[in-house]
Amino acid sequence: MATDNANLPLLPFEKKLIHVQRQIAELEADQETSDRDFSATIQKLREEEVAILTETYDNLTAWETVQVARHPARPLGMDYVDRIVKNFFELHGDRRFADDLAMRCGLGQVGTEKVVLIVQHKGHDTKDKIACNFGCAHPEGYRKALRAMKLAEKFSLPVVALIDTQGAYPGIGSEERGVAEAIARNLLEMSRLKTPIVCIVIGEGGSGGALGIGVGDCVAMLQFAYYSVISPEGCASILWKTGEKAPEAAEALKLTSGHLKEFGVIDDIITEPLGGAHRRPADAATQVERYITRTVRQLKRQPIDKLLADRYQRWRKLGKVLHLDASPDQ
Amino acid sequence: MADIPDDMLNGGNVEGPYRPDAFEGPAMRGKKDIPDGLWMRCSGCENMLYRKQVAENMEVCPKCQHHFRVGGRQRVDQLADPESFAEMFTDIVPADPLAFEWLGQTYEQRITKEQEKTGNSEAVLTGTAYIKGRRIAMGIMDGDFLMGSMGSVLGERLTLLIEHATEGALPLVIVCMSGGARMHEGALSLMQMGKTSAALARLDDAGGLYISILADPTTGGTTASFAMLADIILAEPGALIGFAGQRVISNTIRAELPNGFQRAEFLLEHGFIDHIVPRPDLRSEIARVIDLCGR
């Protein structure tokens, strides 16, 4: 297990790791200064660390999953671009109002596949975060994304969307410039875009702000990402009358990848490295890259008419209703 | 989402070209719907109003033109030619996919309560109707039913309606009134935005006409999908129309919101709707658009 993770901030439910990680660090330091060999002990402690991590991450609650999805060290949209996209050529601006850095778009290559990327990015340090508005896009972000998608359609390039946002930005300018219209337009246009679309929720799938780039042929989620109609805090403050009940709301909303695959909201779950993507970002990126290349290749093989018909059916059947003749229906 | 408090009935004074003679329909609410009390206070102008007079005026204040909210059935009566509404898709009713529970109540119980309260099985009525003799596919959202929130049933019924309009080359009219996506069905509610939008893309490809009417309030996922995707978008005076809730916005920007923010007049000014139409004029304006679009 990676010791370069020793400095990662631990989430409340990871505290069990403190003891073993500290021991490993001490022994390693001793080993370097004293010529003595602790490697057998260290090895055993590492195994213990793996066991604790496995135990913890196999049994995450919904709220703990949300915390992993929001982990400060979790790889963000542009981290994946840096790791897996060759020859990234960024596209700036929606040609109407501004360039929204919460939504990054560009041409590039994933593996051997030329694609158009639509990437929500939250930003790392304070300066970056402010520039990206913490990943909360304005209408111009959604309109830039649509411009990039139209370009993809024109040149028959598949679209790859990486989703990671708390939601579209709730502000005055956002409403003045019609964020609802911008998202709605993307939903409609994505449903009929004549090129394959692969969407991956890599962190937070925050409501309409996520769905605004989330209508595709295949929708996947990283294992510990979440995707929800409303934030657990928002849901808790409305139904439980206090934001402090977010853990209960998270559980009730069934916002984890396992549940959403059952509901048909997503098609695939991309497995994360042990202990979450933030512990081994390179491995997480490799998983994402493999998923993209494999899925894009599959989708490209389809004639465009069939692709669009399948996409319509995929979205058409979403939802769960009852028919009065009592037979449950998808 | 779905958190529009009742105190948002304060659209303020709305000046509009209200013409009592433009109204031809049988818009009165049934006697049983008239709440107790002969008098009411207008939340717009604070005047005391004779309740019967307000009802005869399509639930619009005769003094200040404030538009009171109307339920789904009443809206059908106001818009459609008498007895012309043929309801469809009533066999589709809500399930409880998440087995959602909070504070000791279940979603299932809540649905039953809303059904008893409104007499409707869900937050939308769909079917065909005539408006001044023109046949249309009509969807009416019912703000009385769990804030007109969008769950699987609403999405399914509207999608079926859109498909029906596409196949039958019928003009589609949807009256929107919604607090947004319904939390109790989780991401499945969210996905209804994608589903209805995909169906609207096909209607658009087929050359179908779609008119949406935004009533107070139209917010959240409803606005960010089918409400904003119409060829012609009309709104009622003073209607609250937006994506994010006002409380969420003012908490985020830590400031008071400007007067008239997210009201129909604000949207008209910013270029997001075609017209503000007083309720009594809706029938004639819809008929006019249908004729001008030549279907």
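Please read all numbers here as calculations on a predicted model, not as lab measurements. Chain A is the first sequence line, chain B the second, and so forth, proteins listed ahead of strands; every chain is numbered from 1.
Expressed to the nearest 0.5 Å, how far CZ of A:Phe263 lies from CG of B:Leu98 amounts to 4.5 Å. Going from atom CE of B:Met193 over to atom OG of A:Ser207 covers 6.5 Å, rounded to the nearest 0.5 Å.
Contacts of B:Glu163 with chain A are made by side-chain atoms alone, with heavy-atom separations under 4.5 Å and no backbone atom involved. There is no contact between B:Ser250 and chain A, counting heavy-atom distances below 4.5 Å. Heavy atoms of B:Phe89 lying under 4.5 Å from chain A are absent altogether. For A:Arg185, the parts lying near chain B are the backbone and the side chain together; criterion is any non-hydrogen pair under 4.5 Å. Looking at B:Glu101, only its backbone comes within 4.5 Å of chain A, counting heavy atoms on both sides. Of the atoms belonging to B:Leu160, heavy atoms from both backbone and side chain fall under 4.5 Å from chain A. Of the two parts of A:Arg311, neither the backbone nor the side chain holds a non-hydrogen atom closer than 4.5 Å to a non-hydrogen atom of chain B.
The stretch residues 247-256 of chain A places A:Ala252, A:Leu253, A:Lys254 near chain B, each with some heavy atom under 4.5 Å from a heavy atom of that chain. Within residues 198-205 of chain B, the residues having any heavy atom closer than 4.5 Å to a heavy atom of chain A are B:Ala198, B:Ala199, B:Leu200, B:Ala201, B:Arg202, B:Asp204, B:Asp205, listed by residue number.
No side-chain heavy atom of A:Val321 sits less than 4.5 Å from a side-chain heavy atom of B:Pro94. In this structure, the side chains of A:Trp315 and B:Thr196 stay at 4.5 Å or more apart for every pair of heavy atoms. Here the side chains of A:Tyr312 and B:Lys195 are not in contact, with every heavy-atom distance at 4.5 Å or above. Inter-residue side-chain proximity for A:Leu211 and B:Met191 is flagged as met; some heavy-atom pair is nearer than 4.5 Å. Between A:Leu239 and B:Leu103, every side-chain heavy-atom pair lies at or beyond the 4.5 Å cut-off. Counting heavy atoms from C-beta on, the side chains of B:Trp102 and A:Lys245 never come closer than 4.5 Å.
Around atom NE2 of B:His275, no more than 12 heavy atoms belonging to other residues, nucleotides or ligands sit under 6.0 Å away. Residue B:Glu87 places its CD atom among more than 12 non-hydrogen atoms of other residues, nucleotides or ligands, all under 6.0 Å distant. Around NZ of B:Lys117, the count of heavy atoms belonging to other residues, nucleotides or ligands within 6.0 Å exceeds 12. Residue A:Glu189 places its CD atom among more than 12 non-hydrogen atoms of other residues, nucleotides or ligands, all under 6.0 Å distant.
Taking each heavy atom of A:Gly171 and B:Phe261 in turn, the nearest pair found is O-CZ, 4.4 Å. Nearest heavy atom pair, residue A:Gly319 against residue B:Leu188, reads N-CD2, 3.8 Å. Taking each heavy atom of A:Leu322 and B:Ala95 in turn, the nearest pair found is CG-CB, 3.7 Å. The shortest non-hydrogen separation linking B:Ala244 to A:Glu175 is N-OE2, 2.9 Å. Between B:Leu190 and A:Gly208, the shortest heavy-atom distance links the atoms CD1-N, 3.6 Å. Across all their heavy atoms, A:Leu187 and B:Ser225 have their closest contact at CD1-CB, 4.1 Å.
Between A:Arg316 and B:Glu156 there is a salt bridge, since at least one side-chain N of the basic residue sits less than 4.0 Å from a carboxylate O of the acidic one.
When B:Ile92, B:Leu257, B:Ile253 are compared by the number of non-hydrogen pairs under 4.5 Å with chain A, B:Ile92 comes out ahead. Interface check for chain B: of the options A:His259, A:Glu181, A:Met190, A:Lys241, the most heavy-atom pairs under 4.5 Å are formed by A:Glu181. Taking chain A as the reference chain and counting heavy-atom pairs below 4.5 Å, the highest number among B:Leu267, B:Asp96, B:Leu229 is found for B:Leu229.
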As a quick check of understanding, evaluate side-chain contact (heavy atoms from CB on, under 4.5 Å) for B:Ser197 and A:Val215, giving each step before the final call. CA-CA 10 Å; B:Ser197 300; A:Val215 176; over 6 Å; no

